[in-house]
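These figures come from a predicted structure and were not determined experimentally.
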Amino acid sequence: MARAPLTLKLHNTLTRQKDVFRPVDPKHVRMYVCGPTVYDFAHIGNARPVIVFDVLYRLLKRLYPKVTYVRNITDVDDKIIAAAKESGEPIGSITKRTEQAFHEDAKALGALDPDVEPRATEHIPEMIRMIEALIEKGHAYAYMAEGHAGDGHVLFSVPSMPTYGRLSRHSRDELIAGARVEVAPYKKDPADFVLWKPSTPDLPGWDSPWGRGRPGWHIECSAMSEKYLGSTFDIHGGGLDLIFPHHENEIAQSTCARPGETFARVWVHNGYLMVNGEKMSKSLGNFFTVRDLLQKAPGEVIRFAMLATHYRQPLNWTDDALKQARSILDRWYRAIALCGPVAPIAPALDVEAIQAFLAALTDDLNTSQAIAEINKHADMIFHAADLTGITKKMVNFDTLKGRLLFMGNMLGVLRQDADAWFKGVSAGSGTAGEAEIEALIQKRNDARKAKDFKEADRLRAELVAKGVTLEDGPKGTTWRRG
RNA sequence: GGCGCGGUGGCAGAGUGGCCAUGCAGAGGACUGCAAAUCCUUGAACGUCGGUUCGAUUCCGGCCCGCGCCUCCA
């Protein structure tokens with residue numbers, strides 16, 4: 001069979017269209033994604049990019065020999081300071097605890113670890129050096145006026161960069177016209193933004209040429225992406241809401257500090273997570289955390305619900321979406337179980353089912369289409385399992401199973417044993433012990449043998465009440481939770 | 001005010017200039033003591049008004065509706 005070439009296409013926010021992805025170095029693809037600010041538990045809006053870029057990471061690893069994925073931890077920020085002030089908990093304790101919680105959540109959602117996870121506080125010298133380079137090149141200025149408000153600020157000079165605003169398609173003039181904030185007196189231009197700000201003795205701070213202070217919000221990503229990926233790299237990702245000002249300002253910092261470099265070539269942004277038709281965000285207060293959700297559903301179900309919608313579409317989070325995610329995963333696990341305990345065979349990638357699946361994923365990460373392809377393949381297994389006699393003997397179930405697992409794993413699901421999936425105690429399932437369940441089933445089967453169907457149905461009802469569903473098959477009775 | 005996104009069958013949600021999404025739910029049948037699962041069959045959609053076209057849900061324009069960014073946010 002002719003193997004169709006797999007060309008990855010990604011929607012690039014810079015061009016606002018799907019472009020063929022051409023890495024700077026096809027032997028080594030480099031990607032940076034904005035990670036969490038560690039001051040509070042991750043909500044599911046934060047979880048979306050974690051999952052989306054994890055799928056992209058898995059796909060890139062499949063397509064290229066080497067991938068370096070960097071996701072930062074922002075552990076110095078005014079929101080963290082505010083949280084510490086409010087609760088009285090020391091900053092170091094908040095950031096450490098929250099970072100750990102984030103890692104637990106990411107793991108529960110089936111996300112692979114990034115290759116590098118740099119912390120902002122461990123890269124202050126790199127940031128200071130980049131700010132110095134910007135000042136040298138006339139793209140930044142320090143406001144030094146001892147005793148005056150604003151002393152010790154360093155600002156990026158937006159008018160010094162003619163192409164400022166290309167990513168978000170805002171001109172400097174538009175920004176100023178639409179501005180709803182007062183212009184700080186230490187800014188030369190209303191659009192200028194902070195690279196470095198002074199810290200009072202009670203606040204986290206580092207010595208710098210401009211006195212004791214801390215970095216502005218955007219500089220860490222410029223400094224850390226450069227350190228680990230170089231001044232020009234392939235993909236920069238994050239949520240839609242980071243396009244402006246965060247990513248716009250990163251571009252300004254990085255390209256002005258390193259003339260001739262491109263910084264990120266492709267910008268990939270995931271859409272918002274909505275709840276009741278409104279964007280979910282911490283500032284609106286209409287959010288729930290990944291931890292809360294993990295009490296209601298297994299991480300795999302949450303992850304799947306996230307992938308059922310294309311990553312650039314807004315995703316309205318509902319209980320029903322979770323229910324649907326679970327039922328599709330049930331179907332797939334059922335197909336796996338039907339294949340039997342055979343060892344799955346790693347699939348040839350050029351078979352049609354896999355080609356169609358990969359074609360969907362490489363088309364700007366069309367996970368919805370990819371899921372449809374897996375459904376078709378699951379159907380094939382169900383059909384095959386319904387065959388009888390010689391035609392059934394001709395079916396190679398370990399190959400079919402191998403393909404299904406391959407596709408599932410590309411999406412980061414189907415990670416467990418089918419038996420564990422159906423019988424394991426998980427979030428949202430019943431907790432009756434297996435021995436107790438097996439005993440009731442035995443009693444029911446005795447009743448069935450004695451044709452005491454009234455008693456058999458009573459026992460079934462008892463099991464249903466415990467969250468157990470029975471399936472009587474030719475090989476006996478099997479059960480599952482849910 | 002400026003910039004931008006979206007409106008697909010009962011629900012969720014892809015996609016396409018002419019034929020199929022996919023899943024759930026629904027209807028009928030097979031199987032089953034009854035179920036569950038599976039199989040077979042099946043109905044159902046492209047906000048609105050114009051334009052381009054042999055033909056538009058798909059391209060273009062107006063309108064209506066919803067949402068977002070311009071300020072901290074994934």
Student: Which residues pass the side chain to side chain contact (heavy atoms under 4.5 Å, CB included) test with A/Lys376, sequence neighbours left out?
Tutor: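 Here the qualifying residues are A/Glu373.
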Student: Quick one: side chain to side chain contact (heavy atoms under 4.5 Å, CB included) partners of A/Asp419, sequence neighbours excluded?
Tutor: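 For A/Asp419, the residues satisfying side chain to side chain contact (heavy atoms under 4.5 Å, CB included) (neighbours in sequence not counted) are A/Asp417, A/Lys423.
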Student: A/Glu373 CD to B/C20 C1': how many Å, rounded?
Tutor: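 These atoms are roughly 11 Å apart.
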Student: What integer number of Å spans the P atoms of B/U71 and B/G15?
Tutor: 32 Å
Student: Given atom CD1 of A/Ile73 and atom C1' of B/A74, what is their separation to the nearest angstrom?
Tutor: 14 Å
Student: Let me have the donor-acceptor pairs involving side chains of residues 161-170 of chain A, under 3.5 Å, with sequence neighbours excluded, atom names and distances please.
Tutor:
unit_1, atom_1, unit_2, atom_2, d
A/Tyr164, OH, A/Asn249, OD1, 2.4
A/Ser168, OG, A/Glu248, OE1, 2.5
A/Arg169, NH2, A/Leu14, O, 3.1

Student: Roughly how many Å apart are B/G10 and B/A44, using the C1' atom of each and rounding to a whole number?
Tutor: 9 Å
Student: Write down the distance between NE2 (A/His377) and C1' (B/G23), rounded to a whole number of angstrom.
Tutor: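 Computing the A/His377:NE2 to B/G23:C1' distance gives 18 Å.
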Student: Using a strict cut-off of less than 4.0 Å between a Lys/Arg side-chain nitrogen and an Asp/Glu carboxylate oxygen, indicate whether A/Arg214 and A/Asp78 qualify as a salt bridge.
Tutor: yes
Student: Taking only residues two or more places apart in sequence or in another chain, which ones pass side chain to side chain donor-acceptor pair (under 3.5 Å) with A/Asn445?
Tutor: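 For A/Asn445 the side chain to side chain donor-acceptor pair (under 3.5 Å) partners, ignoring immediate neighbours, are A/Arg448, A/Thr477.
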Student: For A/Ala372, what residues pass the side chain to side chain contact (heavy atoms under 4.5 Å, CB included) criterion, not counting sequence neighbours?
Tutor: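 For A/Ala372 the side chain to side chain contact (heavy atoms under 4.5 Å, CB included) partners, ignoring immediate neighbours, are A/Gln369.
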Student: How would nucleotides 31-45 of chain B be written as a contact map, 5' to 3', with B for base contact, S for sugar-phosphate-only contact and - for no contact, using protein heavy atoms under 4.0 Å?
Tutor: --BBBBSSSS-----
Student: In whole angstroms, how far is the P atom of B/U22 from the CG atom of A/Leu411?
Tutor: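 Taking CG of A/Leu411 and P of B/U22, I get 18 Å after rounding.
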Student: Does any non-hydrogen side-chain atom of A/Tyr57 lie less than 4.5 Å from one of A/Pro114?
Tutor: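 Heavy-atom side-chain distance check fails, nothing below 4.5 Å.
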Student: In whole angstrom, give me the gap between the C1' atoms of B/G47 and B/C65.
Tutor: 8 Å
Student: So if I take every side-chain heavy atom of A/Phe244 and compare against B/U22, B/C70, B/A74, which nucleotide ends up nearest?
Tutor: B/C70
Student: Specify the separation, in whole Å, of atom CG of A/Leu242 and atom C1' of B/U71.
Tutor: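 That distance rounds to 14 Å.
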Student: Does a side-chain N-to-carboxylate-O contact under 4.0 Å join A/Arg30 and A/Asp115?
Tutor: no
Student: Is it true that A/Asp54 and A/Arg58 have a side-chain N and a carboxylate O under 4.0 angstrom from each other?
Tutor: yes
Student: In whole Å, what separates the C1' atom of B/U57 from that of B/C24?
Tutor: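 My reading of the C1' atoms in B/U57 and B/C24 gives 23 Å.
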Student: Mind checking the P distance from B/C70 to B/G9? Whole angstroms is fine.
Tutor: 32 Å
Student: For A/His246 and B/C70, give me the distance from atom NE2 to atom C1', rounded to whole Å.
Tutor: 17 Å
Student: Output the rounded distance in Å from CD1 (A/Ile371) to P (B/G23).
Tutor: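 Rounded to whole Å, this separation is 12 Å.
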Student: Roughly how far apart, to the nearest Å, are B/U22 and B/G13 at atom C1'?
Tutor: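 These two C1' atoms come out 8 Å apart once rounded.
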Student: Using a 4.0 Å heavy-atom cut-off to protein, can you give one letter per nucleotide of nucleotides 2-19 of chain B, 5' to 3': B if the base is in contact, S if only the sugar-phosphate is, - if neither?
Tutor: BS-------B-SSS----
Student: Using atom types as modelled, flag every donor-acceptor pair under 3.5 Å from a side chain in residues 460-469 of chain A to any protein atom, sequence neighbours excluded.
Tutor:
unit_1, atom_1, unit_2, atom_2, d
A/Glu462, OE1, A/Arg458, NH1, 3.3
A/Lys466, NZ, A/Glu436, OE2, 3.0
A/Thr469, OG1, A/Gly482, O, 2.4

Student: What residues, two or more places apart in sequence or in another chain, satisfy side chain to side chain donor-acceptor pair (under 3.5 Å) together with A/Thr309?
Tutor: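 So A/Thr309 forms no side chain to side chain donor-acceptor pair (under 3.5 Å) with any residue.
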Student: In whole angstrom, give me the gap between the C1' atoms of B/C46 and B/A21.
Tutor: 13 Å
Student: Toss me the dot-bracket line for RNA chain B: Watson-Crick and G-U wobble, both under 3.5 Å, 5' to 3', using | for pairs to another strand and [ ] for crossers.
Tutor: (((((((..(((.....[...))).(((((.......)))))....(((((..]....))))))))))))....
Student: Could you give the CG-to-P distance, from A/Leu322 to B/C24, as a whole number of Å?
Tutor: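 After rounding, the reported distance stands at 17 Å.
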Student: Rounded to whole angstrom, note down the P distance from B/A12 over to B/U8.
Tutor: 8 Å
Student: How is A/Lys279 classified with respect to the nucleic acid when contacts are heavy atoms under 4.0 Å: base, sugar-phosphate, or nothing?
Tutor: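 Base: the residue A/Lys279, judged by heavy atoms under 4.0 Å, touches a nucleobase.
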Student: Suppose we screen for side chain to side chain donor-acceptor pair (under 3.5 Å). Which residues come up paired with A/Tyr228, at least two apart in sequence or across chains?
Tutor: A/His123
Student: Would you classify A/Gly238 as touching base, sugar-phosphate or nothing, given that sugar-phosphate means primed atoms plus P, OP1 and OP2, and contacts are heavy atoms under 4.0 Å?
Tutor: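 Sugar-phosphate: the residue A/Gly238, judged by heavy atoms under 4.0 Å, touches backbone atoms but no base.
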Student: Which listed nucleotide (B/U22, B/G68, B/A74) is nearest to the side chain of A/Leu273?
Tutor: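 The answer is B/A74, which lies nearest to the side chain.
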Student: Counting any heavy atom closer than 4.0 Å, what does A/Asn46 reach on the DNA or RNA strands: base, sugar-phosphate only, or nothing?
Tutor: base
Student: Under the rule for side chain to side chain contact (heavy atoms under 4.5 Å, CB included), what residues qualify as partners of A/Asp241, not counting sequence neighbours?
Tutor: A/Tyr272, A/Lys279
